[in-house]
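Quick notes on the structure that follows.
Letters A, B, ... are given to chains in the order of the sequence lines, protein chains preceding strands, and every chain is numbered from 1. Below, each value reflects all heavy atoms present in this structure, side chains not excepted, and no hydrogens, waters or symmetry copies.
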Amino acid sequence: MLRTAHLTFAYSGSPILCDLSLTIQSGEWVALIGQNGSGKTTLVKHFNGLLKPTHGQVWVGERDTTTCSIADLAREVGYVFQNPDHQIHQSTVREEVACGLRWQGYPPAEQHERLTATLAQFRLTDYAHHPPAILGFGLRRKVALASVCALRPPVLILDEPTGGLDARSADDILTLVAQLNAHGHTILMISHDMRRVAEYARRCIVLQAGRIVRDAPPRDVFADAPLLQQAFLSPPPVTQLAHHLGQPGTPLTPEEFYQGYKRKDL
Amino acid sequence: MSLAFDLYLPQPSPLHRLDPRVKIVGLVLGTLALLSVHNFWVCLAWVGLNALLLAIARVSLARVLGMLRLMLPLSLMVALSWPIFYPEGTTILFSVWRITITAQAVWHGLALALRLNALAQLYFLLLFTTDQMMLVRSLVRLGLPFEWGLTLAIALRYIPTFAGTFQMIAEAQQARGLRLTQGPWVQRLRAYLPILIAMIITALRAVDHLARALEARALGAHPHRTAYKDLRFTNTDWITLLIGAFAAILFFYLRLTFNFGVHPIDLFS
């Protein structure tokens, strides 16, 4: 679904991404992790054409991103920015969610069908006539996500979807994303929230200084202590606890930890 | 601040070390003097003097050329349009239809184009050699109320931040399918509306947060303010100020008594 070949991107002569080659299959949930400045956002901006490679190539499906406009790629790749306020500009939630559909030129009947379905799916129907700019941060993030999802892009890129959210709002957002993933959407998520990376993602790509240093399932990544140290990352607290207690394996969730703990006790 | 909106570049030059207040006084006197002359040779000499000052300030050739490039369209417009609209003197170079071009008007046009460049160079020189925050500090020391100075400093500080935010918002809206580069110009202009609205919302939020942050740090709690980095006049500053004042008095004496620099070609008239 998403593919890069020897992708290199330099800004004012300084390389940000160096010779990245990766393939993301349809329906995957991939977490992109790494310290600040490692090139995560720069990489994902190549998938919707906001950035074009300095060298190498990027494909979305069969399309080379250098040959498509950002607006055309928006139908294929939805990008939810870190700050919802960078998207919100309409006077009601309803209009906010509908504006992407309008910009893409969908017929009115289809606009209405998609809008109603999206508002219901994201449990925003009750807020449809509220001004989005004055909603709470969690709801604003949900509106931003809904406005992107209304276009039903097969690929969804989420930049720090749980940053600044309380546990309930964060789980609420990721549950919605999990539903989309279950319906076949490909999810590419940038996150520093290792607990949720461990819980939701099925593949982890670790970036460091613009290079992929590990591409593996979360369990393998969080079991690799030297790698985590090198990339300035910490495993989820429950995994750290299991390691401290000398529990074998790498539990990623409290349930897994509990099962392992019980087995050890027995 | 090292972003493109800040022209200041630290260098170990005497002009950088000069107190910003001396530079501001020099700028005001220079502006008044330049606005009072129309002579080609005086303006040319002034451009030469500015070039010398730019060299002393170790401003790179690339920056000087950038400044000249910025001024070029306006300079050309002034130099070419002045002889067409304001014919003066008796030496006619040529006449076409109702337009008569005289030698004096050509010199005058050239003088005004040079004057424009000399003025721009003076202001650029101040910005190239003075840190924005110290510039604001010097304005406050010259009598500008502290709150105004702070407002100015914050405004300057936020230019690159808001430019970055604008870029981010434009990307966020394009990622939802907004087309900024298609269609007739009215449509393209309208396409910027969602960006502007989101920008205003973000800016208002930033203003609110900043106001709270300033209050949280007890801004205005003490009427008498001190500064961590304050300005102090050195002997060099006093000497430069005296030389500048003497030069200005001499210049205005010659200008007012002997009409120095009034005629486009002759130095005295």
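No hydrogens or angles considered: a donor-acceptor pair under 3.5 Å links the side chains of A:Asp166 and A:Ser169. The closest side-chain donor-acceptor pair between A:Asp64 and A:Thr66 falls under 3.5 angstrom.
When atom types are taken as modelled, the side chain of A:Thr186 and the backbone of A:Gly27 share a donor-acceptor pair closer than 3.5 angstrom.
For the side chain to side chain contact (heavy atoms under 4.5 Å, CB included) test, residues two or more places apart in sequence or in another chain that qualify with B:Leu52 are B:Ile56.
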**OP:** Show your reasoning for whether side chain to side chain contact (heavy atoms under 4.5 Å, CB included) applies to A:Leu2 and A:Val60.
**Re:** CA-CA 5 Å; A:Leu2 301 175; A:Val60 172; 3.9 Å; yes
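Looking at A:Leu151, only its side chain comes within 4.5 Å of chain B, counting heavy atoms on both sides. Interface residue B:Leu178: backbone and side-chain heavy atoms are both found under 4.5 Å from chain A.
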Distance-only check: which donor-acceptor pairs of chain A and chain B lie under 3.5 Å?
from, atom 1, to, atom 2, distance (Å)
A:Lys45, NZ, B:Glu171, OE1, 2.8
A:Asp72, OD1, B:Arg179, NH2, 3.3
A:Asp85, OD2, B:Arg205, NE, 3.0
A:Gln87, O, B:Gln173, NE2, 3.0
A:Gln87, O, B:Arg176, NH2, 3.0
A:His89, ND1, B:Gln173, NE2, 3.3
A:Glu96, O, B:Arg176, NH1, 3.3
A:Glu96, OE2, B:Arg176, NH1, 3.1
A:Glu96, OE2, B:Arg176, NH2, 2.9
A:Ala133, O, B:Arg205, NH2, 2.4
A:Ser147, OG, B:Arg176, NH1, 2.9

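Across all their heavy atoms, A:Pro161 and A:Ile190 have their closest contact at CD-O, 3.4 Å.
The neighbour count for B:Phe146 CZ, taken as heavy atoms of other residues, nucleotides or ligands under 6.0 Å away, is above 12.
Chain A forms the most heavy-atom pairs under 4.5 Å with one residue out of B:Leu193, B:Ile197, B:Ile200, and that residue is B:Ile197. In terms of non-hydrogen atom pairs under 4.5 Å with chain A, the most contact-rich of B:Ala191, B:Ala198, B:Pro194 is B:Pro194.
If you take CD1 on A:Ile212 and CG on A:Leu43, they are separated by 7.0 Å, rounding to the nearest 0.5 Å.
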